[in-house]
Structures are given as C-alpha cells and as structure tokens.
Amino acid sequence: MALAQDPSRPPLYPPAAPPDSVISQPSQRIFANPSVLGMGPSKGLIVRYERMPRFGVKSDAQVVGISNYAGEIDKNARLSIKGYIPAWNRPHLKVVVGLSYEREEFQFNGPATTDYELYRNIEDKGLKSIASQIVMLRPIDEVHWYLARVKGELSGDYNASTDLTTSDYFRFSAEAVYGWKRSPLFSWGVGLQYGYTFGRLSLYPAVLYNRTFNNRWGVEALFPARITARYNVSESSIFYAGYTVDGYNYIIKLRNELSRIGPGGAPIADKQPLQTLELRETEVKFRLRWERELLSFLWMGAEAGYRYNYAFDAFDRTNDDRLKIIDSKFNGAPYASLELFITPPRKLLEKAGVRR
C-alpha cells in the first residue's frame with residue numbers, strides 16, 4: 001500500500017478492487033485477499049451478449065441406428081445476466097451471493113430442423129442455465145487467505161417450470177483455493193476445482209496467480225482454465241489478452257425416442273430407447289478485451305477473438321452406461337461480445353476510505 005501511495009512513483013491504473021482492507025486508522029490490521037493493485041473494478045450486475053457468424057458442423061453417430069449430420073450453423077448466440085450481492089462484509093470474512101441466467105441459441109442451415117432429432121430440440125428450445133452460488137473469502141492474516149465457492153444450477157433445454165425436475169437438470173460445482181498475499185502487487189494460491197470446465201464433471205488442480213509488474217502491465221490467471229495479460233491504459237480504461245477454457249453441460253429431453261440398434265438391425269434388448277441425452281460442450285477462446293468506464297458506476301466491456309470448439313458431444317443419459325451417442329465438431333469461428341456491468345460508485349468507495 002505504501003508503494004501505491006508514494007508520490008514519486010507513477011500511479012497504478014486503476015487502484016485495487018476489492019482492496020486489501022478499509023483502512024480508517026493507521027493501526028488497523030490489514031487482511032490479505034487474492035486481489036492486487038491494478039485489477040479492474042468489482043462487478044455487481046453484468047449483462048453480456050455474445051454472437052458468432054456462420055460456421056460448419058459435422059456430427060458422427062457412435063452407435064448403430066443414429067444418423068450422421070453435416071451442415072452449417074447460421075447463428076450461435078449467448079445471453080447472460082449475472083448479479084452479485086455482498087451478504088457479509090467483514091475484514092476477516094466476506095460472503096457474496098450470486099444469481100445468473102444464461103441462454104444459448106442455435107439456428108441450423110440444413111436438414112436439422114426436420115431430420116436430426118438432437119439439433120431439432122436445440123433449435124426449438126435453446127439451452128438454458130439458471131444458477132445460484134455462494135463465494136466465501138476468509139483472510140487468515142496479512143499473508144494467508146482461503147477462497148471457496150459452491151454453485152448449483154439447472155441446465156438444459158427446458159421450456160417452462162413444468163419441464164424442470166431437479167434430479168434431471170441439476171448441476172453442482174465447487175472450488176477451493178488456499179493462497180498467499182506476498183505484496184499489494186502479488187498474490188497467488190493453489191487449490192482444486194470440481195465442475196464442468198472441460199465438459200464432463202471432473203476434479204482437477206488449479207493455480208491462481210495475480211501479479212502487477214509495473215504501473216501498466218499485469219497478469220491474472222486461474223490455470224488451466226484461463227490466463228490473461230492486462231494493460232492499464234488509464235484509471236478508466238483496461239485492455240486484456242489471453243485465453244479461456246469454457247465448459248457447458250446440458251440435459252436434452254428428446255421429443256421422439258431414439259432406439260439403440262444392434263449390428264443385426266434390431267433394437268438392443270437390454271437398452272431402453274433414448275429419451276434423454278447429456279450434451280457436453282467444451283471450447284477454447286483466444287480473446288482480446290477492452291473495459292472502459294462510462295459513468296462512475298457503469299463500465300462497458302467489448303471482446304473479440306477466435307473460438308476453437310473441442311467437443312459438442314451427446315451421451316446416453318437414459319441407460320447407465322453413459323455411452324457416447326453423437327460425436328460433433330464445430331468449425332473454428334471468430335466471435336464478438338458486448339457487456340455492461342455496474343460497479344460500486346467511486347464517490348461511495350472514496351467516502352469509505354477505499355481505493356478501487
């Protein structure tokens with residue numbers, strides 16, 4: 001903090017968000033957290049829209065009785081609305097509750113709407129996710145901290161509340177990180193993530209690394225899910241470049257049953273007709289992003305890049321074997337997104353003695 005306030009040093013843009021602590025008295029204890037000076041402002045309400053132009057898709061059946069598909073997708077768009085509410089805010093414990101709604105839409109150019117059951121369902125209903133999560137930050141002292149998150153969501157092609165059954169559509173994910181705050185400019189940690197980042201439910205290690213190197217450059221990472229370089233143009237303008245790995249997992253309820261047929265052409269006796277599929281989507285995005293302050297409480301985020309689709313596969317959810325039914329590949333494609341988000345107003349933070 002002393003480094004950041006030294007008038008002989010160039011300023012860091014923008015100041016930390018959230019800060020190490022609210023320091024109203026010189027003797028007040030400072031508690032550690034994962035943030036570092038130079039990171040962008042904290043986000044309260046986020047509205048984001050993402051769109052991709054036309055790209056090709058090819059689906060290969062992995063079982064007898066299911067047809068193949070080759071065509072193009074004219075539209076692939078995502079809308080997401082997220083909100084974060086501080087539920088508990090003390091120097092030694094911070095709890096944030098998050099709520100979100102996301103919808104992904106497809107429009108196929110080809111026979112999908114009439115001939116291909118999986119894509120007909122997706123195009124008619126869209127893919128949706130309604131989620132809630134709790135994030136807890138537990139500073140231990142000036143150096144050590146814990147971060148934990150649990151999330152529950154309803155994810156699939158449901159249309160109304162009558163379609164929803166918790167056992168079918170419910171998804172759970174969690175993460176926990178233990179970290180060290182080495183200075184106001186450097187914080188890192190190690191932990192575990194349990195979720196669908198790579199399409200299927202899995203547990204994998206995670207390394208958090210936040211560092212500001214000087215008054216312009218920094219890096220923010222939660223490896224292997226994302227790594228981002230940061231360039232602070234000014235207090236109200238930030239550029240980012242890097243990659244993210246995004247995973248989605250949806251339950252698809254088929255309107256018409258699909259039979260798993262044996263090599264002889266007859267349905268397999270010990271397998272039920274397919275009524276439900278599990279869709280696992282994994283993609284890697286190489287991105288450039290610009291965040292700009294519009295008002296003291298309102299920021300804009302504009303992003304563009306290239307999306308590489310690793311998987312868009314459907315698995316048998318009806319029977320117990322979880323066999324892959326359809327192996328799909330999307331062609332790589334550019335994408336663009338626009339985002340608006342609300343942050344704590346500057347005057348409110350300054351009045352509380354907090355630097356953003």
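As the structure is a prediction and not an experimental result, all values here were calculated from the model.
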task: Decide whether a cation-pi geometry holds between R226 and Y243; the criteria are a distance under 6.0 Å from NZ or CZ to the six-membered ring centre and an angle within 45° of the ring axis.
output: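 R226 over Y243 ring: no.
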Cation-pi check, R90 onto W88 ring (under 6.0 Å, within 45° of axis):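 Judged by the rule, R90 and W88 form a cation-pi pair.
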query: Residues in side-chain contact (heavy atoms from CB on, under 4.5 Å) with F330, at least two apart?
result: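 Once residues adjacent in sequence are excluded, the partners of F330 under the side-chain contact (heavy atoms from CB on, under 4.5 Å) criterion are F55, V57, I73, F106, R307, N309, F312.
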task: Can you sort out the partners of R182 under side-chain contact (heavy atoms from CB on, under 4.5 Å), two or more places apart, ordered by chain and number?
output: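 Counting only residues at least two positions away or on another chain, R182 forms a side-chain contact (heavy atoms from CB on, under 4.5 Å) with V143, W180, F186, W188.
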By ring pair (Phe, Tyr, Trp, His ring centres under 6.0 Å) - contacts of [X] (at least two apart):
X    : result
W217 : Y231
F286 : none
Y335 : none
F223 : none

For the side chain of [X] and the backbone of [Y], is there at least one donor-acceptor N/O pair under 3.5 Å apart?
X    : Y    : answer
T212 : L37  : yes
Q62  : D60  : yes
K128 : Y158 : yes

Where do [X] and [Y] come nearest, in terms of heavy atoms and distance?
X    : Y    : result
S187 : K181 : CB-CD, 3.5 Å
S59  : Y116 : CB-OH, 3.7 Å
G98  : Y84  : CA-CD2, 3.9 Å
P41  : F341 : CG-CE1, 4.2 Å
P139 : L93  : CD-N, 4.1 Å
E142 : A32  : O-CB, 3.4 Å

Are [X] and [Y] linked, directly or through other ILVMFWY residues, by side chains that come within less than 4.5 angstrom of each other?
X    : Y    : result
W290 : L338 : yes
L99  : I130 : no
Y248 : L127 : yes
M52  : L288 : no

query: In this structure, are over 12 heavy atoms from other groups packed under 6.0 Å from Y310 atom OH?
result: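 No.
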query: Should we say atom NZ of K329 is surrounded by more than 12 heavy atoms from elsewhere, each under 6.0 Å from it?
result: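 Yes.
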Between the side chains of [X] and [Y], does any donor sit under 3.5 Å from an acceptor?
X    : Y    : answer
Q275 : T318 : no
T228 : R289 : no
S328 : Y119 : yes
S236 : W299 : no
E104 : N76  : yes

Does the pair [X]/[Y] count as a salt bridge with the N-to-O cut at 4.0 Å?
X    : Y    : value
E220 : R230 : yes
K75  : E105 : yes
K43  : E291 : yes

Qualifying residues under salt bridge (charged side-chain N to carboxylate O under 4.0 Å, His left out), relative to [X], sequence neighbours excluded:
X    : answer
R48  : E50, E303, E339
R200 : none
K324 : D313, D327

- request: Starting from the C-alpha separation in whole Å, work towards a yes-or-no answer on side chain to side chain contact (heavy atoms under 4.5 Å, CB included) for L279 and N249.
  value: CA-CA 6 Å; L279 185 62; N249 190 283; over 6 Å; no
task: Output, in order, the C-alpha distance, side-chain angles, deciding distance and verdict of side chain to side chain contact (heavy atoms under 4.5 Å, CB included) for L118 and I252.
output: CA-CA 8 Å; L118 171 61; I252 309 297; 4.1 Å; yes
field: Test side chain to side chain contact (heavy atoms under 4.5 Å, CB included) applied to N319 and L274, step by step
entry: CA-CA 8 Å; N319 298 284; L274 298 175; 4.1 Å; yes
query: Checking side chain to side chain contact (heavy atoms under 4.5 Å, CB included) for the pair E283/Y308: CA distance, chi angles, key distance, verdict?
result: CA-CA 6 Å; E283 61 187 30; Y308 168 74; over 6 Å; no
- prompt: Apart from Y49 itself, what residues make up its hydrophobic cluster, given side-chain heavy atom links below 4.5 Å?
  reply: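 L79, all in the cluster of Y49.
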Counting only pairs under 3.5 Å, give me each side-chain donor-acceptor contact of residues 203-210, with atom names and distances, residues two or more places apart or in other chains.
{"from": "Y204", "atom 1": "OH", "to": "Q193", "atom 2": "OE1", "distance (Å)": "3.1"}
{"from": "Y204", "atom 1": "OH", "to": "T197", "atom 2": "OG1", "distance (Å)": "2.6"}
{"from": "Y209", "atom 1": "OH", "to": "R211", "atom 2": "NH1", "distance (Å)": "3.3"}
{"from": "N210", "atom 1": "ND2", "to": "P34", "atom 2": "O", "distance (Å)": "3.1"}

field: Pairing residues for N89 by the side-chain hydrogen bond (donor to acceptor under 3.5 Å, both in side chains) criterion, not counting sequence neighbours
entry: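 Applying side-chain hydrogen bond (donor to acceptor under 3.5 Å, both in side chains) to N89 gives K94.
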